[in-house]
Number of protein chains: 2
Amino acid sequence: MTDQKTNTGADFSRTDPAALEDRIRSAALRPTRQRLALAELLFSNGNRHLTAEKLHSEVLHSGVKISLATIYNNLHQFTAAGLLREVVVDSSKSYFDTNVTPHHHFFHEDEGRLQDIESSELTVLGIPNLPAGTAISSIDVIVRLSKQSS
Amino acid sequence: MTDQKTNTGADFSRTDPAALEDRIRSAALRPTRQRLALAELLFSNGNRHLTAEKLHSEVLHSGVKISLATIYNNLHQFTAAGLLREVVVDSSKSYFDTNVTPHHHFFHEDEGRLQDIESSELTVLGIPNLPAGTAISSIDVIVRLSKQSS
DNA sequence: TTCCTTTTTAGAAACATTCTAATCTATTGA
DNA sequence: TCAATAGATTAGAATGTTTCTAAAAAGGAA
């Protein structure tokens with residue numbers, strides 16, 4: 001149980017450089033210095049929800065020189081490979097989630113922060129018949145939270 | 001039952017200029033030429049899901065000169081007044097929904113088109129306890145649809 | 001009408017994201 | 001080990017959506 005294709009939340013690959021490299025190789029990508037740095041931040045710290053800009057500043061602070069274009073390239077490549085999932089909650093920027101199993105989200109509107117809701121907890125009932133010629137690509141539930149008013 | 005604060009889908013104000021003007025006045029806004037043109041497109045054609053750009057091109061085609069800045073100003077003012085609701089489904093642009101009652105959406109990913117799911121049909125069960133100090137602002141369910149693969 | 005406020009506007013600016021084309025790097029296999 | 005090549009990174013330009021600015025126009029009250 002040290003390495004799996006799925007990621008349910010446990011930080012299973014825990015900074016082990018070889019495991020990170022395998023993960024990148026399994027996506028048919030080369031384990032470059034930049035990718036390893038990104039993978040470490042993304043996949044060795046439990047489930048995370050990050051914007052491109054946040055990831056960029058984290059990786060720069062970790063001492064690895066990397067351009068924003070590379071951040072975007074890799075976020076998209078990781079997403080295409082199923083290592084990340086994009087979550088649409090804000091019309092102005094994209095969030096990427098390291099938990100790629102089916103699940104839902106709380107979104108703290110004031111902080112711009114996402115929080116997982118496991119799909120074992122939350123159920124969606126009564127989806128109508130699908131329009132002809134279509135198939136479900138995903139079901140996204142976002143519970144938007146504001147600060148308590150009183 | 002000709003005019004109500006809520007809008008469940010019926011096109012109840014049906015191009016009646018006086019009703020549109022009341023609707024604008026009730027939001028503490030002046031019924032300008034531009035606002036009336038926008039209100040007519042938004043509120044006299046059943047439930048609609050529009051982007052700023054789409055609304056702009058529609059209103060220009062209807063013969064009313066209006067700038068994109070005015071479109072944005074008014075979409076936001078109408079939203080603040082509860083006449084519209086913003087739906088976040090696409091990280092690159094905003095959609096505005098004329099149906100402001102609680103409900104959910106199908107999103108046709110290939111066409112960028114939204115379709116209502118009434119909340120009488122779809123139920124969300126098992127929302128976990130809310131984080132301390134927060135209250136639910138809204139619950140958004142988006143069923144993303146792709147073209148059937150086969 | 002006059003005055004005051006709101007609204008509209010063109011254009012500039014801001015912002016996230018994507019593109020371009022040049023340079024660099026990992027990998028392969030001789 | 002090295003050269004060849006395919007893939008990766010990069011700075012900076014470009015794009016698209018949305019917001020801002022400041023000035024002109026229009027609505028409404030008196």
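The figures here come from the full heavy-atom set of this structure, side chains too, leaving out hydrogens, waters and symmetry mates. Keep in mind the model is a prediction, meaning the values are calculated, not measured.
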Test of understanding: with side chain to side chain donor-acceptor pair (under 3.5 Å), list the residues that count as partners of [X], not counting sequence neighbours.
X         : answer
Arg30(B)  : none
Glu21(A)  : Arg25(A)
Ser119(B) : none
Thr79(A)  : none

Just the rounded figure in Å: distance from [atom2] of [N] to [atom1] of [X].
X        : N       : atom1 : atom2 : answer
Arg33(A) : dC24(C) : CZ    : P     : 13 Å
Gln77(A) : dT18(C) : CD    : P     : 12 Å
Phe96(A) : dA16(C) : CZ    : C1'   : 11 Å
Lys93(B) : dT17(C) : NZ    : C1'   : 13 Å
Ile24(B) : dT8(C)  : CD1   : C1'   : 14 Å
Leu68(B) : dT8(C)  : CG    : C1'   : 13 Å
Ile71(B) : dT9(C)  : CD1   : P     : 9 Å

Nucleotide interval of DNA chain D bounded by contacts with chain A (heavy-atom cut-off, under 4.0 Å):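 Listing 5' to 3', DNA chain D meets chain A from dA6(D) to dA11(D).
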Transitively linked via ILVMFWY side-chain contacts under 4.5 Å: [X] with [Y]?
X         : Y        : result
Leu75(A)  : Val87(A) : no
Ile142(B) : Leu50(B) : no
Val59(B)  : Ile24(B) : yes
Leu55(A)  : Leu83(A) : yes

Toward the 5' end of DNA chain D, by each residue's nearest nucleotide, His76(B) or Leu29(B):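 Whichever sits nearer the 5' end wins; that is His76(B).
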Upstream residue (5' side of DNA chain C) when Thr32(B) and Tyr72(A) are each assigned their closest nucleotide: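 First, find each residue's nearest nucleotide; the 5'-ward one identifies Thr32(B).
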Side chain to side chain, Phe43(B) and Leu84(B), heavy atoms closer than 4.5 Å: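 SC-SC contact between Phe43(B) and Leu84(B) confirmed.
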Would you mind classifying the nucleic acid contact of [X] as base, sugar-phosphate or nothing, using non-hydrogen atoms under 4.0 angstrom?
X        : result
Ile66(A) : sugar-phosphate
Asn73(A) : base
Ser94(A) : sugar-phosphate
Ser91(B) : nothing

Side-chain (Arg144(B)) to main-chain (Val89(B)) donor-acceptor, under 3.5 angstrom: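 Side chain of Arg144(B) to backbone of Val89(B): a pair is present.
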Under 3.5 Å donor-acceptor, Arg48(B) side chain and Asn99(B) backbone: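 Not at all, since once roles are kept as given, no pair shorter than 3.5 Å links the two residues.
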Under 4.5 Å side-chain linkage, directly or through intermediates, the cluster mates of Val88(A):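 Direct or chained contacts put Val88(A) with Val88(B).
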Give every pair of a protein N or O atom and an N or O atom of nucleotides 27-30 of chain C that lie under 3.5 Å apart, one pair per line with the distance.
residue : atom : partner  : partner atom : Å
dT27(C) : OP1  : Arg25(A) : NH2          : 2.4

What's touching nucleotides 12-15 of chain C from the protein side, N or O pairs under 3.5 Å?
none

Test ring-ring contact (aromatic ring centres under 6.0 Å, His included) applied to His104(A) - qualifying residues, sequence neighbours left out: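 Residues passing ring-ring contact (aromatic ring centres under 6.0 Å, His included) with His104(A): none at all.
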ring-ring contact (aromatic ring centres under 6.0 Å, His included) against His103(B), all qualifying residues, sequence neighbours excluded: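 Here the qualifying residues are His105(B).
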Selection residues 83-97 of chain B - residue pairs positive for salt bridge (charged side-chain N to carboxylate O under 4.0 Å, His left out), sequence neighbours left out: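 Output for this query lists Arg85(B)-Asp140(B).
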Under 4.0 angstrom between Gln34(B) side-chain N/O and dT9(C) OP1 or OP2: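 Yes, within the criterion.
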Short side-chain N/O contact to dT9(C) OP1/OP2 from Thr70(B), under 4.0 Å: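 Yes.
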Nucleic acid contacts - residues 56-64 of chain A versus DNA chain D, non-hydrogen atoms under 4.0 Å: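 Contacts with DNA chain D under 4.0 Å: none.
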